[in-house]
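Notes to accompany the following structure.
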Amino acid sequence: MTDTATPAPDLDPRTRLFVDGDWADADDTEPALAQVDPATGRTWTTVAAAGIGDVDRAVGAARRAFASGRWSRADPATRRAVMLAWADLVEANADELARLVTTEMGKPIAHSRGIEIPAVCKTIRYYAELADKLVDELPITGPDELALVTREPVGVVGAIVPWNFPLTMAGWKLGPALATGNSVVLKPAEYTSTSALRLAELATEAGLPDGVFNVVPGRGPVAGDALARHDDVDVLTFTGSGPTGRSLLHAAADSNAKPVWLELGGKSPNLVFADAPDLEVAADMAAWGIFFNAGEMCTAPSRLLVQRDILDDFSAAVVQRARARVVGDPMDDATETGPIVSERQLRTVLDYVDVGRSEAELLTGGARLDTPDHADGFFLEPTVFGGVTNDARIAREEIFGPVLSIIAFDDEADAVRIANDTPYGLAAGLWTSDLSRAHRVSRALEVGTVWVNCYEEGGLSVPFGGRKQSGNGRDKSPHALSKFTGLKTTWISL
């Protein structure tokens with residue numbers, strides 16, 4: 001990686017903290033964050049890194065905004081209107097935001113424009129429309145009493161989001177938190193700060209009051225830990241790795257015992273039975289699921305469980321699709337898979353590939369792309385291992401890269417046993433024409449989401465989250481509101 005800054009064409013990244021509705025300098029206790037374009041390996045800008053004092057300032061601004069009531073006690077219809085205006089501004093600036101995301105983390109521009117930015121707009125609009133449609137409760141009591149159960153915002157929400165879907169994940173936290181009247185301090189991932197800062201600027205332009213949405217770029221062990229330990233943060237929500245999630249739980253427990261909502265990793269099984277309704281479609285989705293976003297996806301179906309009767313043919317079909325995948329410049333509309341987010345993450349994935357060579361049979365891929373077009377970027381060939389057993393490291397540990405493990409199973413019971421033999425429980429795929437089997441296996445799988453004869457489908461109306469070491473709580477749907485609200489009972493004697 002070179003340290004030479006190479007500005008992205010036609011981009012004007014925001015590089016300071018966003019606190020109390022305005023740009024703010026960091027206190028200089030932390031070195032700035034180099035933003036490296038993973039397609040070129042070059043630093044294209046630097047962003048201020050928040051220190052502990054900066055996080056304290058942002059939390060203070062959020063607390064004052066909440067206490068003022070200008071958002072927390074605003075008419076819900078007002079919150080709805082501001083959030084809808086915000087979504088409109090995001091949509092109007094979609095091309096800029098998409099290019100920021102692609103430059104930051106290597107997502108193909110077609111996916112940034114066609115998936116990432118539309119997802120943010122839909123999320124903001126979904127929760128905007130819920131803001132003035134929530135109802136409280138009036139339980140039945142005796143004739144001389146009145147009981148009220150009201151839903152109230154918790155106060156200041158600390159949100160820490162990952163780099164793989166930087167704006168989508170931010171939207172999943174911000175939408176329900178803001179719709180219910182909270183103030184938010186967002187810490188984006190170190191690699192993807194500029195898109196989050198622009199998102200906050202647009203929110204203020206839309207009319208969100210100063211201090212309601214603050215952004216503190218910074219390093220996890222400093223800014224993230226400070227947010228988790230802050231006694232004036234009422235709730236922490238996090239999407240990211242298991243080790244970081246556990247450290248945040250410790251930090252919260254050591255401070256004010258704030259609730260911590262976690263969406264962590266996954267090692268999702270994708271079960272393909274011989275009676276799948278369309279094995280060609282199943283092969284398409286098996287390859288797409290693991291190679292989309294360069295495999296940097298918590299729900300990626302990284303364990304492909306195939307019934308032994310069709311194992312050889314189905315494996316060959318998936319390998320064929322892996323080899324046909326277009327890997328290249330993420331700014332090219334034809335690119336299907338871009339680079340790994342960083343050199344560090346690429347080395348991690350390559351280490352797992354080396355482990356896999358000793359545990360299983362490498363069917364395709366496994367090498368860093370080293371051509372004139374890819375020499376300085378962090379590109380990896382789509383990789384498939386066959387003959388994998390579920391006790392292999394590549395089958396048990398989250399790799400977070402374009403690496404697929406194919407595991408054979410004999411029958412339904414064997415498939416369920418293998419699928420559940422993991423510390424994770426985020427999602428699973430299931431391919432079968434047998435309706436009874438679809439119900440039985442879906443219920444038996446220890447995960448938060450099961451896709452039947454599809455993968456990665458769903459809308460904002462359904463909850464998303466995991467079990468076991470994949471986390472707790474739910475993003476999306478009205479269920480997400482419960483993370484950012486508390487129920488108050490008022491009992492009145494008449």
Side-chain angles (χ1 to χ4, degrees), residues 59 62-63 66 71-72 76 79 83 119-120 122-131 133-137 149-162 165 167-188 212-214 224 227-240 242 244-246 248-249 251-253 255-265 298-299 425-427 448-449 458-489:
V59 172
R63 176 58 65 191
F66 183 79
W71 185 255
S72 59
R79 293 202 292 265
M83 291 181 69
V120 181
K122 289 176 183 177
T123 301
I124 296 171
R125 287 178 175 136
Y126 178 86
Y127 287 104
E129 293 292 357
L130 279 181
K133 299 173 181 65
L134 301 175
V135 295
D136 293 324
E137 300 174 24
V149 179
T150 53
R151 182 196 300 267
E152 299 185 354
V154 294
V156 176
V157 173
I160 304 174
V161 295
F165 289 88
L167 294 185
T168 299
M169 296 296 101
W172 285 8
K173 315 300 185 187
L174 292 165
L178 294 176
T180 47
N182 297 283
S183 296
V184 179
V185 178
L186 174 70
K187 195 206 83 68
V212 172
F213 178 19
N214 308 272
L227 199 57
R229 292 183 183 278
H230 204 292
D231 286 332
D232 217 15
V233 172
D234 298 294
V235 162
L236 190 70
T237 178
F238 170 75
T239 296
T244 300
R246 286 188 286 274
L248 295 175
L249 286 171
S255 54
N256 61 346
K258 63 180 69 64
V260 181
W261 300 107
L262 301 173
E263 194 269 280
L264 306 176
C298 53
T299 55
L426 190 55
T449 298
L460 284 161
S461 61
V462 295
F464 175 82
R467 297 168 58 180
K468 300 193 285 190
Q469 291 186 33
S470 288
N472 54 52
R474 292 297 181 265
D475 288 320
K476 298 171 47 182
S477 84
H479 294 282
L481 300 171
S482 63
K483 298 190 298 186
F484 308 114
T485 56
L487 297 180
K488 176 181 286 183
T489 296

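- With hydrogens and angles disregarded, no donor-acceptor distance shorter than 3.5 Å links the side chain of N472 to the backbone of E263.
- Minimum heavy-atom separation, G158 to V233: N-CG1, 3.6 Å.
- In this structure the side chain of W261 reaches within 4.5 angstrom of the side chain of V235, judged on heavy atoms.
- With ring centers used as reference points, F165 lies 6.0 Å or more from W172.
- Judged purely by atom type and a 3.5 angstrom limit, K476 uses its side chain to pair as donor or acceptor with the backbone of G459.
- At a threshold of 4.5 Å between non-hydrogen side-chain atoms, the residues F484 and T237 count as touching.
- Across all non-hydrogen atoms, the minimal contact from A251 to A228 is CB-CB, 3.7 Å.
- L262 has its side chain within reach of L249: a pair of non-hydrogen atoms, C-beta onward, lies under 4.5 Å apart.
- Residues S461 and S477 come closest through the heavy atom pair O-CB, 3.4 Å.
- Between V59 and L227, some side-chain heavy-atom pair lies under the 4.5 Å cut-off.
- Counting only distance, with no hydrogens or angles, the side chain of S72 and the backbone of F66 share a donor-acceptor pair below 3.5 Å.
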- Query: Going through the checks in order, is the side chain to side chain contact (heavy atoms under 4.5 Å, CB included) test met by L248 and I160?
  - Reply: CA-CA 10 Å; L248 295 175; I160 304 174; 4.1 Å; yes
- What's the verdict on side chain to side chain contact (heavy atoms under 4.5 Å, CB included) for W71 and N182, showing C-alpha distance, side-chain angles and the deciding distance? CA-CA 7 Å; W71 185 255; N182 297 283; over 6 Å; no
- Test L460 against T123 for side chain to side chain contact (heavy atoms under 4.5 Å, CB included), laying out the working first. CA-CA 7 Å; L460 284 161; T123 301; 3.6 Å; yes
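- With a 4.5 Å cut-off on side-chain heavy atoms, D234 and V156 count as touching.
- Under the 4.5 Å side-chain criterion, counting only non-hydrogen atoms from C-beta, L481 is in contact with R151.
- Across all non-hydrogen atoms, the minimal contact from P162 to T239 is CD-O, 3.4 Å.
- Atom NZ of K122 sits in a sparse spot, with 12 or fewer heavy atoms from other residues, nucleotides or ligands closer than 6.0 Å.
- Looking at residues two or more places apart in sequence or on another chain, you find a side chain to side chain contact (heavy atoms under 4.5 Å, CB included) between S470 and Y424, L426.
- You'll find the side chain of R79 stays beyond 4.5 Å of the side chain of L178, heavy atoms only.
- One finds the CZ atom of R474 at 9.5 Å from the NE2 atom of H479 (value rounded to the nearest 0.5 Å).
- The existence of a salt bridge linking D475 and K173 is confirmed by a sub-4.0 Å separation between a basic side-chain nitrogen and an acidic carboxylate oxygen.
- In this structure, T168 and A119 approach most closely via the heavy-atom pair OG1-CB, 3.7 Å.
- We find the CG-OG distance between N214 and S183 to be 7.5 Å, quoted to the nearest 0.5 Å.
- Side chain of D136 to backbone of T150: no donor-acceptor contact under 3.5 angstrom is found.
- A pairwise comparison of heavy atoms in R229 and K258 identifies C-NZ, 4.0 Å as the closest pair.
- Here the CG-CE distance, from L186 to M169, works out to 12.5 Å after rounding to the nearest 0.5 Å.
- Proximity of a side-chain donor or acceptor of D232 to a complementary backbone N or O of R63 within less than 3.5 Å is not detected.
- The side chain to side chain contact (heavy atoms under 4.5 Å, CB included) test with T180 is passed by exactly one of V157, V154, L134: L134.
- More than 12 heavy-atom neighbours from other residues, nucleotides or ligands sit within 6.0 angstrom of NZ on K133.
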